[in-house]
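What follows is a single structure, written as structure tokens, with notes after it.
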Amino acid sequence: MDVVRTSKRLSFVLRHRPQAVGLRLDDAGWVDVDALLAALHLTREQLDRVVSTNDKRRFEIVGDRIRAVQGHSVAVDLGYAPERPSAELFHGTVERFLPSILAEGLRPRRRHAVHLSADVATARAVGARRGHPVVLGVAAGRMADDGVAFTRSANGVWLVDAVPPPYLAVLEG
Ligand code: HQG
């Protein structure tokens with residue numbers, strides 16, 4: 001079994017297209033482990049290996065269920081409690097998206113939340129998936145003061161509905 005390929009397939013199924021393999025997620029994104037094993041033709045040992053060695057801890061198994069901890073495009077309510085972020089969070093993107101981002105702010109696009117990082121290095125790596133990275137600073141403390149709710153996924157990604165332009169600054173890129 002190729003661990004990275006299987007991880008990508010898990011992300012696809014648990015975040016985007018469970019119906020492609022005949023599965024349905026519950027409202028919080030969970031699916032029965034045995035049903036997933038059968039649908040993906042995996043053994044429990046293989047699944048545990050993919051989950052436990054995953055570089056970003058993208059999946060969690062609790063009891064007999066598994067889910068992706070963030071990154072969904074299907075509607076889910078992950079149930080994370082609102083949390084106050086530090087004064088500044090970061091978002092990695094690329095130059096070609098900047099005019100639109102600075103005009104309309106950060107939007108979730110295909111996903112159900114905007115993803116923010118707690119540190120610059122992580123944001124840089126997120127941006128670098130698409131080209132030369134541009135790092136934006138997000139005045140998260142000020143947003144929280146203004147009543148915006150933030151949550152943090154089990155693997156440490158900050159999630160917010162949107163970031164309007166007044167809270168954004170280009171830090172590097
Ligand atoms: C951009 C990976 C134009 C945004 C990463 C980004 C992350 C806009 C893209 C996680 C825009 C969306 C998420 C606007 C936002 N106009 N472009 N108004 N607002 N964008 O992949 O944050 O490996 O949905 O800058 O590590 O890049 O999958 O979000 O470039 O944690 O676990 O629209 O995905 O994690 O792209 O990445 P994405 P993201 P995983």
Side-chain angles (χ1 to χ4, degrees), residues 2-18 20-21 25 28-31 36 40 47 49-62 66-80 83 85-86 88-140 142-143 148-173:
D2 180 328
V3 172
V4 172
R5 249 191 91 209
T6 305
S7 166
K8 289 191 174 188
R9 185 136 176 80
L10 271 187
S11 286
F12 173 75
V13 166
L14 295 176
R15 292 172 169 180
H16 307 301
R17 292 281 313 274
V21 294
L25 310 184
W30 296 102
V31 68
L36 180 74
L40 296 186
L47 180 67
R49 182 140 50 94
V50 172
V51 171
S52 66
T53 62
N54 192 262
D55 56 347
K56 288 195 195 161
R57 294 177 287 117
R58 292 180 178 88
F59 314 105
E60 63 180 345
I61 295 178
V62 176
I66 181 170
R67 72 173 179 179
V69 298
Q70 42 76 218
H72 301 77
S73 56
V74 298
V76 282
D77 177 0
L78 296 170
Y80 298 124
E83 233 182 289
S86 55
E88 192 173 36
L89 294 174
F90 306 93
H91 179 84
T93 188
V94 282
E95 180 82 38
R96 64 181 184 279
F97 295 154
L98 267 190
S100 161
I101 289 174
L102 295 178
E104 62 178 37
L106 289 170
R107 297 264 182 87
R109 317 282 287 188
R110 288 183 310 114
R111 310 209 196 221
H112 74 123
V114 171
H115 291 214
L116 303 174
S117 309
D119 60 90
V120 171
T122 304
R124 209 180 279 137
V126 171
R129 287 149 60 232
R130 297 197 159 85
H132 180 70
V134 169
V135 176
L136 304 176
V138 173
R142 199 148 53 78
M143 286 178 72
V148 177
F150 288 79
T151 58
R152 186 163 44 146
S153 71
N155 67 342
V157 176
W158 285 92
L159 305 170
V160 67
D161 287 344
V163 180
Y167 301 106
L168 289 171
V170 180
L171 297 189
E172 62 177 55

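Both counts, for ligands and for their atoms, begin at 1 and track the order of listing.
Contacts between L106 and ligand 1 below 4.0 angstrom, taking non-hydrogen atoms only, involve backbone and side chain alike.
The N/O atoms of G105, backbone and side chain alike, include one that comes under 3.5 Å of an N/O atom in ligand 1.
Taken to the nearest 0.5 Å, the OG atom of S100 stands 6.0 Å off from the CZ atom of R109. To the nearest 0.5 Å, the span separating CZ on R67 from CD on E60 amounts to 4.5 Å. Atom CZ of residue F90 and atom CD of residue E172 lie 9.5 Å apart, to the nearest 0.5 angstrom. Separation of atoms CG (D55) and CG (N155) is listed at 10.0 Å; rounding is to 0.5 Å.
I101 CG1, 3.6 Å is the protein heavy atom nearest to atom 8 (C) of ligand 1. Ranking protein heavy atoms by distance to atom 22 (O) of ligand 1, first place goes to H91 CE1, 3.5 Å. At the shortest separation from atom 33 (O) of ligand 1 among protein heavy atoms lies R109 CG, 3.5 Å. Among all protein heavy atoms, the one lying closest to atom 39 (P) of ligand 1 is R129 NH1, 3.7 Å. Protein heavy atom closest to atom 13 (C) of ligand 1, with residue, atom name and distance, is H115 ND1, 3.3 Å. Summary of contacts: the protein heavy atom closest to atom 36 (O) of ligand 1 is R130 NH2, 3.0 Å. In this structure, the protein non-hydrogen atom closest to atom 26 (O) of ligand 1 is K56 NZ, 2.5 Å. Scanning all protein heavy atoms for the shortest distance to atom 15 (C) of ligand 1 gives R107 O, 3.4 Å.
A pairwise comparison of heavy atoms in R142 and P166 identifies NH2-O, 3.2 Å as the closest pair. When every heavy atom of R124 is checked against every heavy atom of P133, the shortest pair comes out as O-CB, 3.4 Å. Between D161 and P108, the shortest heavy-atom distance links the atoms O-CG, 3.3 Å.
Annotation: cation-pi pair R107/F97 absent, no NZ/CZ under 6.0 Å from the ring centroid and within 45° of its normal.
The heavy atom nearest to atom 18 (N) of ligand 1, out of those in E104, R110, R96, R15, is found in E104.
Atoms of ligand 1 found under 4.0 Å from any heavy atom of T93 (numbered from 1 in listed order, with element): 4 (C), 25 (O), 30 (O).
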